[in-house]
Amino acid sequence: MSHRLIWVEPRDPTSRPSNGERLVFLSYQEVLTMEENIKYEDSFLYRIRHSTAHIMAQAVLERFPTAKIAIGPAIDDGFYYDFDLPRPLTPEDLEAVEARMRTIIKEDHPFVRHAISASEGRALFADQPFKLELIEGLESGGLDEDGNPLTEKVELSTYTHATFTDLCRGPHVDHTNQINPKAIKLMSIAGAYWRGDEHRPMLQRIYGTAWNNEAELDEYLSKIEEAKRRDHRRLGKELDLYSVVDDVGAGLILWHPKGGLIRKITENYWEDRHLASGYDFVYSPHIGKATLWETSGHLGFYRENMYSPIEIEGQEYFLKPMNCPFHLHIYKSRTRSYRELPLRFAEKGTVYRYERSGVLHGLMRVRGFTQDDAHHFCRPDQMPGEIDFVLNFCLDMLRAFGFNEFKAYLSTMPEKAVGDPEKWKDAEEALEKSLKRSGISYAVDQGGGAFYGPKIDLKVNDAIGREWQLSTIQFDFNMPERFDLTYIGEDGQEHRPYMVHRALLGSMERFFGVLIEHYAGAFPVWLSPVQAMVIPIADRHIAYAQQVAEALTAQGIRVSVDERGERMNAKIRDAQNQKIPYMLVVGDKEVEAGQVALRLRAGDNPGAMPLAEFIQIAKDDIANHA
RNA sequence: GCCGACGUGGCUCAACGGCAGAGCAGCCGCCUUGUAAGCGGCAGGUUAUGGGUUCGAUUCCCAUCGUCGGCUCCA
């Protein structure tokens, strides 16, 4: 069951409002709905999409008269409808359905609403088991179409157009001719569980999209194409950053030299910032004994995500899915005084988690990854300050990598939870106050916290609008108990410290994936594996090109010389495609004047300048993370 | 894991029961070039893996592995 999200108004005027989850594809709608100052759900476009879903259902039912229909809502970038069909759908089915939809639209049918009673509904949908279940839920269980509890009693209604009647609360367009037949398109076929429950039947879902006019549809489609070009899996190959190979295993990443260099630069920066901010670096092994994971509770609560044990001299060891138990033991290695708190243990710890094969996704969702993990231990009175510190530290770091648009989620106490409710309340308050002080917009996910504590998650969107969690700041009321963590207070008594888990970039893998897509592969200069490519026009310029390269290398600039027997144009094209920030063309004029002719990857051509001038430009850009 | 689609040189793709091909990348040579692809040549594949059907399988069938789009999951 999904939790209800409550959006808190943004304090930061640069952050954008959201109607849902997909920022990228929402943007156009947002403009529309913001202009009209209405919510997406109340917009005409929403009606168009919802109505198009009904029209699609009609066309599918005509093709498959025995089809059972489930639900068909409008979503952020279109609509879908779920069906139970006698056979798998083919692309030809989709074409035929789409063609039929256009005809139905042109026939200009009115959409007519009828209020009905539950018994009328049961008679009307006697051969539609999913609708009967919906009626049941709406009537007695107080559940909406997603199976979530309803806050108020609803009146059942149907909408009818042409030959198709659906149980639906609406609203719809008045007439099908309000839909532009050239502005609709069926996009894909997918499997989807009835009511999102993997123990219930798998239905066939058709995704489609609909817009006000053809131009909007074209714009949407070209955005999808653009997104494909930004996809980190494509760019990972094109820029030779990383690979995943069959022979190694699914979800296991090989970092190539260029990707490795970007990772190394990222890690160096990360380390500098952590050292400057009061973190201690710790290291821990990749495996630990079964007893450790029993104490931590992972064998009880997390075992399905852990790999099979390794037997060593009769003892079972497990590959670590998390770093925390090790850090807890470092804390416990001696008696701690209140004077030494807060303690901040940081480690780029490589963990392995079993992820079901269907969920693996490039760098974003993998089976082995390195978390930039840290555990904070503090006194209760230090807790609000510690939260402030860590939230700001996270935001600051993400901004240093060029991320300015993220979404924050505050997840609060679930029904099943360990720990004193008073402590939960304190912690939730501290988290929320920090969020408010930070000025970013956030959503409250009521009851969405882990059983062991409330948390803040920071997420960003990938190229195709999917949201990925990077930072997480999580209270833990469980582990300090399980490991019996204590410190000696001013009063000479033992006290239980507060503990906070935090991952900042999340994992090196996912962060890299998000970074690639964020910059579409054109990394800022400080992160670019090759910062400058020297391009000699003819072979006689190679010696000078090498001198230029040596001078740049001496200044710490990462530079290569393209000595191939290609024409200058080809070298520029290749450097451009590799998204190298600076191209330095050197020919007779430059050799003679001791200059370089600068070209930027955006296509700008500042032209010839003394080498020293270029070095200053590059150094400034690097320092500014430009 | 589930539903569906798909796996052919490093990459992008063709051939779809009858000799496995192209472009790019790579290598060699020629050209010596002024802001996004100069020309020519060479080399490179047990068609993901394992079975089966067939005179013959890249092509048809089954299984496994993987990829993609969803769903579910995501301490």
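Every chain is numbered from 1, with letters handed out A, B, ... down the list of sequences. Values below: all heavy atoms of this structure, side chains included; hydrogens, waters and symmetry mates excluded.
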Participant: Considering only side-chain heavy atoms of Lys237(A), which listed nucleotide, rC11(B), rU35(B), rU33(B), is closest?
Facilitator: rC11(B)
Participant: If I pick the C1' atom on rA43(B) and the same atom on rG9(B), what distance separates them, to the nearest angstrom?
Facilitator: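 The same atom, C1', in both gives a distance of 11 Å.
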Participant: Looking at rG69(B), rU33(B), rG1(B), which one has an atom nearest to any side-chain atom of Arg567(A)?
Facilitator: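 That would be rU33(B).
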Participant: Taking only the C1' atom of each, what is the distance from rU33(B) to rC39(B) in whole angstrom?
Facilitator: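 Nearest-Å result for rU33(B) against rC39(B) at atom C1': 13 Å.
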Participant: Compute the centroid of each ring, for His50(A) and then for Phe79(A), and state whether the two points are separated by less than 6.0 Å.
Facilitator: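 No: the rings miss the under 6.0 Å criterion.
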Participant: Using a cut-off of 4.0 Å on non-hydrogen atoms, how would the nucleic acid contact of Lys589(A) be classed: base, sugar-phosphate, or nothing?
Facilitator: base
Participant: Kindly confirm or rule out a cation-pi arrangement of Arg205(A) over Tyr80(A), judged by NZ or CZ under 6.0 Å from the six-membered ring centre and within 45° of its axis?
Facilitator: yes
Participant: Please determine if a side-chain N or O atom of Tyr207(A) lies less than 4.0 Å away from the OP1 or OP2 oxygen of rC3(B).
Facilitator: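 So the side chain of Tyr207(A) is outside the cut-off, no N or O lying under 4.0 Å from OP1 or OP2 of rC3(B).
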Participant: Once the angle between the rings of Tyr354(A) and Tyr307(A) is folded into 0 to 90°, is it parallel (under 30°), tilted (30 to 60°) or perpendicular (over 60°)?
Facilitator: perpendicular
Participant: Can you find a donor-acceptor pair, distance only, under 3.5 Å between Arg365(A) side chain and rC73(B) base?
Facilitator: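 Answer yes: a donor N or O sits under 3.5 Å from an acceptor.
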Participant: What I want to check is whether an N or O donor and acceptor connect the side chain of Asn569(A) with the base of rU35(B) at under 3.5 Å.
Facilitator: no
Participant: Tell me what Ala538(A) touches on the nucleic acid: a base, only sugar-phosphate, or nothing, going by heavy atoms under 4.0 Å.
Facilitator: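 Counting heavy atoms under 4.0 Å across all strands, the contact made by Ala538(A) includes a base.
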Participant: Searching all strands shown, indicate the nucleotide that pairs with rA20(B) (Watson-Crick or G-U wobble; both distances under 3.5 Å).
Facilitator: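 rA20(B) is paired with nothing.
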Participant: Describe the nucleic acid contact of Glu590(A) in one word from base, sugar-phosphate, nothing, applying a heavy-atom distance below 4.0 Å.
Facilitator: base
Participant: Could you work out the separation of rC13(B) and rU32(B) based on their C1' atoms and round it to a whole Å?
Facilitator: 35 Å
Participant: Could you measure between the two C1' atoms, the one in rU46(B) and the one in rA20(B), and give it in whole Å?
Facilitator: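 So the two C1' atoms sit 12 Å from each other.
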Participant: Establish, with yes or no, whether the OP1 or OP2 oxygen of rU72(B) is under 4.0 angstrom from a side-chain nitrogen or oxygen of Arg200(A).
Facilitator: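 No, Arg200(A) has no side-chain N/O under 4.0 Å of OP1/OP2 on rU72(B).
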Participant: When you get a sec, tell me which of rG66(B), rU35(B), rA36(B) is the closest nucleotide to the side chain of Asn577(A)?
Facilitator: rA36(B)
Participant: Could you tell me how far apart Met583(A) (CE) and rU35(B) (P) are, to the nearest whole angstrom?
Facilitator: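 In whole Å, rU35(B) P lies 14 Å from Met583(A) CE.
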Participant: Taking the side chain of Met202(A) as its heavy atoms from C-beta onward, which of rA36(B), rC71(B), rG34(B) lies nearest to it?
Facilitator: rC71(B)
Participant: For RNA chain B, whose closest nucleotide is more 5', that of Met568(A) or that of Ala450(A)?
Facilitator: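 Per heavy-atom nearest nucleotide, the more 5' residue is Met568(A).
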Participant: Does the gap between the ring centers of Trp194(A) and Phe83(A) come in under 6.0 Å?
Facilitator: no
Participant: Among rU33(B), rU72(B), rG66(B), find the nucleotide with the atom closest to the side chain of Arg540(A).
Facilitator: rU33(B)
Participant: Could you tell me the Watson-Crick or G-U partner of rU64(B), where both distances fall under 3.5 Å? Say none if there is no partner.
Facilitator: rA48(B)
Participant: Is a donor-acceptor contact shorter than 3.5 angstrom present between the side chain of Glu355(A) and the base of rG1(B)?
Facilitator: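 No pair found.
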Participant: What about Tyr193(A), does its side chain sit under 3.5 Å from the base of rG1(B) through a donor-acceptor pair?
Facilitator: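 Indeed, a donor on one side and an acceptor on the other fall under 3.5 Å apart.
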Participant: Just how far, in rounded Å, is P of rA5(B) from CG of Leu94(A)?
Facilitator: 13 Å
Participant: Should rA43(B) form a Watson-Crick or G-U wobble pair with both distances under 3.5 Å, which nucleotide is its partner?
Facilitator: none
Participant: Would Phe369(A) and Tyr352(A) count as a close aromatic pair, with their ring centres under 6.0 Å?
Facilitator: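 No, too far apart.
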Participant: Name the nucleic acid region contacted by Gly297(A), choosing base, sugar-phosphate or nothing; use a 4.0 angstrom heavy-atom cut-off, strictly under.
Facilitator: nothing
Participant: Please state the P separation for the pair rG44(B) and rG23(B) - nearest whole angstrom.
Facilitator: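 These two P atoms come out 16 Å apart once rounded.
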Participant: Using the C1' atom on both, measure rG52(B) against rA57(B) and round to a whole Å.
Facilitator: 11 Å
Participant: Taking N and O atoms by type only, does the side chain of Arg601(A) place a donor or acceptor under 3.5 Å from a partner on the base of rA36(B)?
Facilitator: no
Participant: Taking atom P of rU49(B) as reference, at what distance in whole Å does atom CG of Asp247(A) sit?
Facilitator: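 Nearest whole value for this atom pair: 12 Å.
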Participant: Using a heavy-atom cut-off of 4.0 Å across all strands, would you classify Asp588(A) as base, sugar-phosphate, or nothing?
Facilitator: base
Participant: Does a salt bridge link Arg195(A) with Glu133(A), judged by any charged N lying under 4.0 Å from a carboxylate O?
Facilitator: yes
Participant: Which atom names give the shortest non-hydrogen contact between Pro321(A) and His298(A), and what distance separates them?
Facilitator: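 For Pro321(A) versus His298(A), the nearest heavy atoms are CG-CD2, 4.4 Å.
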Participant: Using purine N1 to pyrimidine N3 plus N6-O4 or O6-N4 for Watson-Crick, or N1-O2 and O6-N3 for G-U wobble, each under 3.5 Å, what pairs with rC71(B)?
Facilitator: rG1(B)
Participant: If I pick the C1' atom on rC6(B) and the same atom on rU12(B), what distance separates them, to the nearest angstrom?
Facilitator: 15 Å
Participant: So what does Arg205(A) hit on the nucleic acid, given a heavy-atom distance under 4.0 Å: a base, only sugar-phosphate, or nothing?
Facilitator: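 Answer is sugar-phosphate: Arg205(A) comes under 4.0 Å of backbone atoms only.
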Participant: What nucleic acid atoms does Asp574(A) come within less than 4.0 Å of, heavy atoms only: base, sugar-phosphate, or nothing?
Facilitator: nothing
Participant: Would you indicate, yes or no, if rG34(B) has its OP1 or OP2 atom less than 4.0 angstrom from a side-chain nitrogen or oxygen of His541(A)?
Facilitator: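 No.
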Participant: How many whole angstroms separate atom CZ of Phe83(A) from atom C1' of rG70(B)?
Facilitator: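 Going from Phe83(A) (CZ) to rG70(B) (C1'), I get 15 Å.
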Participant: Can a salt bridge be assigned to the pair Arg482(A) and Glu294(A) using a cut-off of 4.0 Å between side-chain N and carboxylate O?
Facilitator: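 Answer for the salt bridge query: no.
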Participant: Spell out yes or no: do the side chain of Arg233(A) and the base of rU67(B) have one donor N/O and one acceptor N/O closer than 3.5 Å?
Facilitator: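 Looking at the base of rU67(B), it does not pair with any donor or acceptor on the side chain of Arg233(A) (distance under 3.5 Å).
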Participant: Of the nucleotides rG26(B), rG66(B), rA36(B), which one has an atom closest to the side chain of Asp246(A)?
Facilitator: rG66(B)
Participant: So which one's nearest nucleotide on RNA chain B is more toward 5', Gly358(A) or Asp539(A)?
Facilitator: Gly358(A)
Participant: Counting only Watson-Crick pairs (N1-N3 plus N6-O4 or O6-N4) and G-U wobbles (N1-O2, O6-N3), all under 3.5 Å, who is the partner of rA14(B)?
Facilitator: none
Participant: Before accepting this row, confirm whether a basic side-chain N of the pair Asp82(A)/Lys68(A) lies closer than 4.0 Å to the acidic partner's carboxylate O.
Facilitator: no
Participant: So, is Lys571(A) close to the rG34(B) phosphate, meaning a side-chain N or O under 4.0 Å from OP1 or OP2?
Facilitator: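 Result: no.
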Participant: Rounded off to whole Å, could you give me the CD1-to-P distance for the Ile535(A) and rA36(B) pair?
Facilitator: 11 Å
Participant: Nearest to the side chain of Ile537(A), which nucleotide is it out of rC11(B), rU33(B), rU35(B)?
Facilitator: rU33(B)
Participant: Could you give the distance separating rA22(B) and rU8(B) at their C1' atoms, to the nearest angstrom?
Facilitator: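 Taking atom C1' in both rU8(B) and rA22(B), they lie 13 Å apart.
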Participant: Mind calculating the distance between NE2 (His361(A)) and C1' (rG1(B)) to the nearest angstrom?
Facilitator: 18 Å
Participant: Would you mind classifying the nucleic acid contact of Ala575(A) as base, sugar-phosphate or nothing, using non-hydrogen atoms under 4.0 angstrom?
Facilitator: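 Since no nucleic acid heavy atom lies under 4.0 Å of Ala575(A), the category is nothing.
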Participant: Rounded to the nearest Å, what distance is computed from the CD1 atom of residue Ile206(A) to the P atom of nucleotide rG70(B)?
Facilitator: 16 Å
Participant: Give a yes or no on whether a salt bridge exists between Arg229(A) and Glu226(A), defined as a side-chain N under 4.0 angstrom from a carboxylate O.
Facilitator: yes
Participant: For the pair made of CG in Leu235(A) and C1' in rC11(B), what is the distance, rounded to whole Å?
Facilitator: 14 Å
